[in-house]
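Following: one structure in structure tokens, then a few remarks.
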Number of protein chains: 2
Amino acid sequence: MASIKDVAAQAGVSVATVSRVLNSHPSVSPDARRRVHAAVEALGYRPNAVARSLRTDQTRTLGLVISDVLNPYFTALARSVEEEARALGYSVIIGNADERPEQQDHHVRTLLDRRIDGLLVSPADGESPLLLDVARAGTPMVFVDRWIPGVDIPVVRADGHRAIQELVAHLYALGHRRLAIIAGPAATTTGNERVEAFREAMRAHGLALPDAYIGQGDFQADSGRRATEHFLSLPDPPEIVFAADNLMALGALDAIRARGLRVPEDIGIAAFDDIPWFVHTGPPITAISQPTGELGRAAVRALVDIVEGRPPQSVTLPAGLVVRSSCGERTSTPGSNE
Amino acid sequence: MASIKDVAAQAGVSVATVSRVLNSHPSVSPDARRRVHAAVEALGYRPNAVARSLRTDQTRTLGLVISDVLNPYFTALARSVEEEARALGYSVIIGNADERPEQQDHHVRTLLDRRIDGLLVSPADGESPLLLDVARAGTPMVFVDRWIPGVDIPVVRADGHRAIQELVAHLYALGHRRLAIIAGPAATTTGNERVEAFREAMRAHGLALPDAYIGQGDFQADSGRRATEHFLSLPDPPEIVFAADNLMALGALDAIRARGLRVPEDIGIAAFDDIPWFVHTGPPITAISQPTGELGRAAVRALVDIVEGRPPQSVTLPAGLVVRSSCGERTSTPGSNE
DNA sequence: ACAAGCCGTGGAATCGATTACACGAGAGAT
DNA sequence: ATCTCTCGTGTAATCGATTCCACGGCTTGT
């Protein structure tokens with residue numbers, strides 16, 4: 001593979017001049033510029049990003065550590081992150097933690113070893129000592145979706161508070177009183193917040209949230225399945241199961257189907273996160289929708305602000321309720337099943 | 001950030017010795033080794049992967065260019081690729097082409113600029129000149145899922161031939177005769193093959209596949225929607241629509257629902273690619289399932305074989321038919337809707 | 001006792017870029 | 001005509017690692 005020296009030789013100039021042309025430094029004669037361009041073309045030369053990074057101490061690369069690639073929510077997030085980063089001249093390296101703190105740390109470490117310019121994280125747990133160190137060390141960093149409390153790092157996320165209130169009000173209006181939730185890990189902020197917001201909304205309607213109606217999940221399908229099985233085996237099972245993310249809703253659906261029960265006649269279901277498939281499940285699922293694209297873009301902008309020395313901004317965007325028919329809504333939507 | 005020099009100074013040895021300890025070269029005294037380890041620990045030193053790559057001319061990084069991150073099939077593929085790569089000591093940088101050749105080329109170029117050790121590609125088109133150049137230049141490369149004919153590059157893919165035959169036989173047995181297909185782009189091998197296999201299977205059953213029953217899609221949901229709308233507006237619409245990937249099946253479902261029609265009573269549906277949501281759609285979708293995990297792992301193994309100088313192996317794995325109830329199957333599966 | 005070999009170690013070259021500094025040539029000022 | 005300034009260019013240092021080579025001190029064989 002041709003190096004800058006080959007280009008210099010071919011163009012009959014020094015490597016310094018080649019470098020100046022490549023970086024469009026003003027002080028190069030038109031003639032030299034022309035010859036360098038010709039040589040670059042002739043040799044199919046492409047600058048070695050590794051060498052460049054070593055010298056300039058910047059990689060123009062951002063690291064993104066997401067909790068789970070199989071979760072369409074994070075996939076959508078990753079896509080908008082990559083898009084915005086590309087628009088700003090950065091690439092993105094994605095690390096998938098699979099909701100496991102060790103794997104998250106592994107990725108953070110390799111990303112740092114590669115000297116990425118900044119880190120976007122959606123922490124799988126609430127207190128990764130490594131992440132704390134990294135933050136203290138001054139690495140440009142932004143939290144997306146989830147965050148770690150007590151660190152001075154910008155956070156870009158959606159606020160589900162109001163949407164959860166709306167959801168509970170909606171369920172109450174439909175006549176449901178026994179509402180259960182499949183929570184995310186207590187170690188994640190989103191895990192906690194969604195339960196808390198749910199509990200508060202219940203209280204506002206004078207409803208109790210007994211411990212038996214709080215299933216402990218980990219944001220993965222299997223845990224949703226287990227929690228739902230447990231709900232269904234209760235002497236007084238809930239009328240509605242609210243899953244704190246879309247994968248646990250998938251698991252809940254699996255459990256319900258395995259019992260031969262029907263949604264929403266036997267039990268209703270709702271989910272945090274809206275995904276395209278929720279329109280076509282049997283029945284379509286009432287869900288809380290996050291502005292994923294805007295979240296990803298805002299996170300990249302905040303991170304690049306830090307990297308380039310501008311003051312970053314934390315962003316909180318509202319989530320919204322999307323009513324469908326999985327909670328016994330009377331609906332005339334074409335194609336719904338009853 | 002501490003460098004190897006700082007470690008050397010702290011340990012009272014030369015950088016050469018530090019490097020030897022780091023790379024577990026045998027010829028270092030136990031005492032020096034101990035002191036270096038202590039210094040590494042004390043300084044929290046981590047080797048700079050950028051510098052190391054420059055010197056050794058290897059990055060221990062693989063590039064993966066996939067056609068669409070929003071497609072659960074590719075997401076699952078990416079996950080298994082990353083997993084296997086990690087097990088073999090490599091990291092993976094994912095580039096998302098969004099089914100757009102220019103974006104694919106952009107990613108290939110940046111990946112190459114970063115001097116990745118090898119490239120895994122699922123080409124968005126059938127003849128990217130860039131990809132051809134890269135292959136000719138001798139960059140270690142493996143095709144996954146899709147490939148470009150006429151280049152001597154290992155291919156790791158699933159063969160849907162037999163599964164499509166089974167599908168058509170299954171549909172025929174159910175009494176269906178008017179079968180339509182939403183094809184992928186003709187520029188992709190998977191796009192072509194699936195239509196060809198379908199056409200052949202139809203012929204084997206003495207069935208015609210009129211042009212009007214071949215919808216041209218691009219593996220994205222919207223095109224599935226448009227093709228299906230067209231099918232439904234035909235004077236003699238098909239009884240079954242077979243989508244060549246899961247996203248186009250999603251689009252087909254959208255179109256059917258928008259018309260207020262019911263699956264499978266009014267029209268049946270089947271898809272290439274099986275995803276977890278197909279169990280819970282209304283009704284559950286009959287699909288062809290690929291061994292995604294094994295595909296990803298085999299692709300990484302083939303690529304690493306090339307990178308490390310061993311002879312690589314092309315791999316073709318069979319896909320299988322998963323019968324559910326979206327084509328009018330009489331079924332007693334609990335929870336199915338009828 | 002001396003030659004030969006091995007072992008642990010450090011010095012220095014190297015990878016491919018960027019960039020501070022020096023220098024010579026030509027333009028403009030006085 | 002001389003001085004100064006600017007402009008285009010090249011030389012060489014530098015980033016942080018790896019690795020070849022040389023060297024001094026021991027062990028081993030004869």
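Chain naming here is simple, since letters A, B, ... match the order of the sequence lines and numbering starts at 1 in each.
- Annotation: the terminal axes of the helix from dA1(C)-dT30(D) to dT30(C)-dA1(D) meet at 50°, where each axis is the rotation carrying the C1' atoms of four end pairs onto the next four (5 pairs per end, rounded to 10°).
- Listed by residue number, the members of residues 40-55 of chain B with any heavy atom below 4.0 angstrom from DNA chain C are Leu54(B), Arg55(B).
- The nearest whole Å value for the distance from the NZ atom in Lys5(B) to the C1' atom in dC15(D) is 8 Å.
- For Thr189(A), the side chain to side chain donor-acceptor pair (under 3.5 Å) criterion is met by no residue, not counting sequence neighbours.
- Contacts of Asn23(A) with the nucleic acid, taken as non-hydrogen atoms under 4.0 Å apart, involve only primed sugar atoms and P, OP1 or OP2.
- Residue Thr56(B) is in sugar-phosphate contact alone, with no base atom involved, counting any heavy-atom pair closer than 4.0 Å across all strands shown.
- Between Arg79(B) and Glu82(B), no side-chain nitrogen of the basic residue sits less than 4.0 Å from a carboxylate oxygen of the acidic one, so the salt-bridge criterion is not met.
- A salt bridge between Arg35(B) and Asp31(B) is present, with a side-chain N of the basic residue lying under 4.0 Å from a carboxylate O of the acidic one.
- In this structure, Ile4(B) places its CD1 atom 15 Å from C1' of dC15(C), rounding to the nearest Å.
- Ser3(B) comes within 4.0 angstrom of the backbone, heavy atoms only, and of no base.
- If you take CZ of Arg60(B) and P of dT18(D), they are 13 Å apart, rounded to a whole angstrom.
- Within 6.0 Å of CG in Asn23(A) there are more than 12 heavy atoms belonging to other residues, nucleotides or ligands.
- A salt bridge links Glu99(B) to Arg146(B): at least one charged side-chain nitrogen sits closer than 4.0 Å to a carboxylate oxygen.
- Taking both residues in full, the closest heavy atoms of Leu120(B) and Leu303(B) are given as CD1-CD2, 3.5 Å, listed atom of the first, atom of the second, then distance.
- For CD of Gln313(B), the number of neighbouring non-hydrogen atoms (other residues, nucleotides, ligands) closer than 6.0 Å is 12 at most.
- In terms of position on DNA chain C, the residue among Leu22(A) and Ala16(B) whose nearest nucleotide sits closer to the 5' end is Ala16(B).
- To the nearest angstrom, C1' of dC15(C) lies 15 Å from CE of Met1(A).
- By the side-chain contact (heavy atoms from CB on, under 4.5 Å) test, Asp133(A) is found to be paired with Arg136(A), residues two or more places apart in sequence or in another chain being considered.
- Every residue two or more places apart in sequence or in another chain that forms a side-chain contact (heavy atoms from CB on, under 4.5 Å) with Gln58(B) is listed here: Thr56(B), Arg60(B), Asp117(B).
- Ala124(B) and Pro101(B) get closest at one heavy-atom pair: CB-N, 4.4 Å.
- Whole-Å rounding puts the Asp57(B) CG to dA17(C) P distance at 12 Å.
- The environment of CD in Glu127(B) is sparse: at most 12 heavy-atom neighbours from other residues, nucleotides or ligands sit within 6.0 Å.
- In this structure, the CZ atom of Arg115(B) is 9 Å from the P atom of dG16(C), given to the nearest Å.
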List every contact pair, protein side and nucleotides 6-9 of chain C side both N or O, where the distance is under 3.5 Å.
unit_1 : atom_1 : unit_2   : atom_2 : d
dT9(C) : OP1    : Ser29(B) : OG     : 2.7
dT9(C) : OP2    : Ser29(B) : N      : 2.7
dT9(C) : OP2    : Ser29(B) : OG     : 3.1

